[in-house]
Amino acid sequence: MSKKLDLSTVVKSVSSAAKSAGAQVASGARKVTQRDTAPDAAERLGNELARSTLDHCVKCTVCETNCPVSRVTPLFSGPKFVGPQGERFRHGDSVDHSVDYCSSCGTCTVVCPQGVNVAEINSLARAAMKQQNGMPIRDQLISRTTIMGAAMTPVAPVANAVLGFKPARVVMEKVVGVHRDAPMPTARPETLATWLKKRPKPTKPATRGPIVYFHGCAGGYFEVETSKQTIEVLEHLGYEVLVPKQGCCGLAEQSNGLFESAKKSVRSLVRALRTAGTDLTIISSSGSCTGMLKHEAHEILGVDDSELADVGTRIREFSEFLLDLYDAGEFPAEELRPLQMTVPYHAPCQLKSQGMGTPAADLLRLIPGLTVVDSDAVCCGIAGTYGLKKEKYDIAQAVGKPLFDMVQATNKDLAVCDTETCRWQIQKGSGVPTVHPVTLLHRSLGLS
Amino acid sequence: MRDAIVIGSGLAGLTAALRLAKGGKTVSLISKGPGGLQLSQGTFDILGYSPDRVSDPLDAVGALAKTKPEHPYAVLGADAVREAAEFVAGLVPDLLAGDPASNVNLPTAVGAVRPTALAQPSMIDGAVKDGNAYVVVGLRRLKDFQATLVAGNLDRAEVPGGGSVSARAVWIDVPARPEEADTTGLTYARALDDPNVRATFAKAVAKQANAGEIVVLPGVLGLDDHDAWRDIAQIVDHPVCEVPLPPPGVPGLRLFRTLSALARDAGVRMINGSKVIAKRVEGDRVVSVSISSAGHAREYEASAFVFAPGGFESGALAVDSYGHITEPALGLPLSHDSAEGLIHGDFWGSDQALFEVGVRVDQSMRVLGPDSAPVYSNLFAAGGILAGATRWREKSGEGIAAASALRAADTILGEEK
């Protein structure tokens with residue numbers, strides 16, 4: 001089918017997608033309204049929030065040794081140089097473009113022994129840079145994840161064909177700036193919401209009471225299978241799974257410096273999740289979106305309200321929740337059926353930055369016969385939308401290279417990772433199908 | 001619930017975690033940062049100065065019990081230090097070599113001569129001995145290794161045991177990344193993991209060495225390929241000696257990466273990036289510790305706890321503006337709680353007593369209270385948090401870390417048997 005698409009159809013579909021996604025973008029303009037970047041980023045950089053932590057920097061270079069980007073390119077001069085050192089020279093102005101090459105993976109903050117908010121300082125500095133110098137339309141387009149999902153689902157076969165069609169991607173690269181080889185999600189003909197409406201009522205009694213499920217936008221549109229399996233595993237354990245209507249957490253907008261949009265997104269998501277109950281545990285199978293609600297919306301966007309704090313305190317990442325159950329003696333490990341295989345597991349940056357270890361690896365190791373090999377790789381390179389951008393694509397691929405090699409060497413048929421865009425990146429870079437940990441657990445529990 | 005939780009991922013924490021995991025315990029290791037190994041020289045010091053230069057460190061450890069009864073070595077004894085050195089060297093046989101009973105003297109990145117007990121095999125050929133001739137090779141794009149300074153100081157250095165050495169400097173330009181003017185040691189090390197790059201590098205070095213010279217190179221000879229230096233030495237066809245640089249310290253990183261991987265392989269759960277902020281106590285036992293993970297505090301229960309967070313340098317000990325000294329994570333009693341009288345103004349004078357402040361322990365490494373009785377029956381301390389040593393001055397850090405970690409782990413293993 002893809003072969004029948006001609007170039008004019010492609011250009012039309014790309015430009016109409018651009019229009020619907022970046023509604024407020026004036027035609028031809030390379031700048032956005034100030035309201036949507038970071039009007040208060042400069043101001044916030046001047047206050048105590050993140051900036052004051054730069055005085056804790058003892059120049060030990062631990063962040064530099066762990067930065068996945070400066071490892072592969074001199075274009076990014078490293079988190080210490082750009083962060084706690086460079087920040088002293090900015091005084092609210094943007095004076096360097098090296099910070100644009102930071103991928104916001106957040107590793108520097110995680111590894112800093114002294115508590116410097118390196119990644120937060122750099123995220124704010126980049127937002128200020130985009131406010132000062134203008135933002136590519138592309139960065140706004142790829143941040144609108146729910147719109148992408150909603151637009152692609154009804155025309156899934158066409159959308160998949162367009163995204164899999166090289167000339168279309170060449171046009172997309174030239175017009176929009178999304179690299180022609182960058183990984184793209186596969187549109188599904190059925191959304192999670194449709195499946196939930198259609199499926200029969202669960203038969204197992206909810207002996208453990210209700211729980212709220214946050215699936216994230218990818219989990220609603222592209223990674224529908226992960227969401228279904230998560231719901232089924234939780235129901236199998238005896239939970240009544242409540243799935244309130246929900247939107248995007250705003251993470252992609254945030255990492256592209258669209259702070260006002262991101263704040264709106266996360267606030268409306270918080271309200272939506274609270275409609276299901278204000279004292280229930282919230283479970284998410286989206287590793288990075290969990291981090292957005294737990295800490296990033298507060299620490300990077302500066303959202304400081306009690307509703308976010310409430311949701312951020314109650315949310316648990318899927319494997320974190322199940323491993324806690326196991327440690328408390330409440331997970332039926334005896335039900336796990338053997339899976340005789342060896343799988344590579346990669347812990348995404350935004351999961352590691354939650355500071356709770358790598359519960360998925362520890363959880364999967366409970367499955368008899370299954371050998372889980374940690375990737376020991378800092379980052380897969382994609383960092384949300386970073387690796388899609390034409391000027392960053394090669395860097396992102398170089399960042400991911402050791403991981404791709406490790407995955408291929410460990411198992412050519414299956415890899416495991418907790419976050420959607422990282423799975424797409426690993427799958428595209430290594431050619432190895434990559435699934436959420438729930439897929440193996442679902443299978444081991446006899447549910448698939 | 002885990003059998004043991006270890007706090008800290010420096011040499012003490014990793015050693016304790018590995019000993020416990022190998023002894024069959026379920027272990028979680030909690031750390032804020034990646035530990036101090038990559039800030040170290042990548043060697044295993046036992047005792048370098050006491051207060052004069054030491055040549056036989058285990059003998060000197062034994063003697064320390066008489067002169068400094070509050071020193072961790074006085075509690076541990078020389079046999080424990082030997083066993084710990086052998087245990088760690090056994091874990092990383094391609095990274096640590098030497099005899100714990102005798103020190104080698106190695107050139108430093110300022111051309112001084114530093115004693116240590118075990119060193120990486122890539123360093124040992126540089127041991128300073130009467131009559132040695134060195135050529136120090138600087139890399140134009142690596143600012144952390146000033147070959148002219150190193151050679152100048154080394155050339156006039158006092159040779160332990162007497163005699164003299166000669167040293168000269170040469171500079172070469174072998175880029176790790178051609179477009180980059182200022183390259184870090186780590187970037188060089190990663191580049192030299194590639195056999196093609198190191199062949200080019202080694203050939204450039206080979207041209208500079210005269211007959212009979214030991215080639216002194218910056219400590220960047222490969223990161224994950226622990227044999228990279230052998231390749232280089234073979235092409236250069238001279239004895240080669242790596243000198244550890246200021247951080248990021250590649251030899252220390254090699255130790256950290258290797259020991260961490262061993263711990264993971266042994267089943268240790270690694271929980272990085274969060275600080276320990278509280279403990280829960282029932283009776284005389286610590287039941288759990290809590291960490292400040294994103295969103296909410298997470299509580300971890302265990303039967304035993306090994307506390308190895310480092311000292312002042314890692315933020316594990318704090319002094320406020322009133323001079324109060326505290327251990328903020330668990331609020332443990334310290335050897336002193338006020339800095340008053342512990343600091344003098346003579347910068348070049350004797351050791352500052354403040355830096356000997358830490359937790360006091362008994363023979364089993366249980367933390368002691370002011371009454372010299374264990375505060376909790378299942379809380380042990382190891383490494384830089386221990387009172388009584390000025391580790392950087394004595395060059396005693398790794399010996400204290402490993403020996404105290406082993407003692408704590410063995411106490412836990414022995415009691416549960």
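Every chain is numbered from 1, with letters handed out A, B, ... down the list of sequences.
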Shortest non-hydrogen contact from B/Ser274 toward B/Ser292: OG-O, 3.7 Å
Any side-chain heavy-atom pair of B/His296 and A/Lys294 under 4.5 Å: yes
Gap between atom CG of A/Leu75 and atom OG of A/Ser98 - 0.5 Å precision: 7.5 Å
Residue A/Arg316 versus chain B: region with a heavy atom under 4.5 Å: side chain
Note, B/Phe312 side chain near B/Leu354 side chain (heavy atom, < 4.5 Å): yes
Residue selection (most heavy-atom pairs with chain A, distance under 4.5 Å) from B/Lys32, B/Arg269, B/Met1, B/Arg298: B/Arg269
Side chain / backbone / both / neither for A/Val372 at chain B, heavy atoms under 4.5 Å: neither
Region of B/Glu313 that comes under 4.5 Å of a non-hydrogen atom in chain A: backbone
Top contributor to chain A contacts, counting heavy-atom pairs under 4.5 Å, from B/Arg264, B/Met270, B/Lys275, B/Glu301: B/Arg264
Top contributor to chain A interface from B/Gly35, B/Gly36, B/Ala294 [non-hydrogen pairs under 4.5 Å]: B/Ala294
Beyond-backbone contact of A/Arg267 with A/Asp305, side-chain heavy atoms, under 4.5 angstrom: yes
Distance in Å, B/Asp194 CG paired with B/Phe201 CZ, rounded so as to fall on 0.5 Å steps: 13.5 Å
Contact class of A/Gln354 relative to chain B, heavy atoms under 4.5 angstrom: both
Proximal component of A/Ile315, with respect to chain B [non-hydrogen, under 4.5 Å]: backbone
Interface residue of largest heavy-atom contact number with chain B, from A/Thr73, A/Thr358, A/Val58, under 4.5 Å: A/Thr73
Chain B contact via A/Asp374 - which portion, at a heavy-atom distance below 4.5 Å: side chain
Heavy-atom side-chain contact between B/Val220 and B/Leu245 under 4.5 Å: yes
Largest heavy-atom contact set with chain B, pairs under 4.5 Å, which of A/Ser77, A/Gly329, A/Pro74: A/Pro74
Chain B contact via A/Cys60 - which portion, at a heavy-atom distance below 4.5 Å: both
Residue B/Leu253 versus chain A: region with a heavy atom under 4.5 Å: side chain
Partner chain B: residue of A/Met356, A/Arg365, A/His295 with the largest heavy-atom pair count (under 4.5 Å): A/Met356
Point-to-point distance, once rounded to the nearest 0.5 Å, from CD1 of A/Ile395 to CZ of A/Arg71: 12.0 Å
4.5 Å side-chain heavy-atom contact, A/Ser284 and A/Met292: no
Heavy-atom pair count under 4.5 Å with chain B, highest-scoring of A/Glu320, A/Lys352, A/His56: A/Glu320
A/Pro348 vs A/Cys417 side-chain heavy atoms within contact, under 4.5 Å: yes
Chain B contact via A/Leu323 - which portion, at a heavy-atom distance below 4.5 Å: side chain
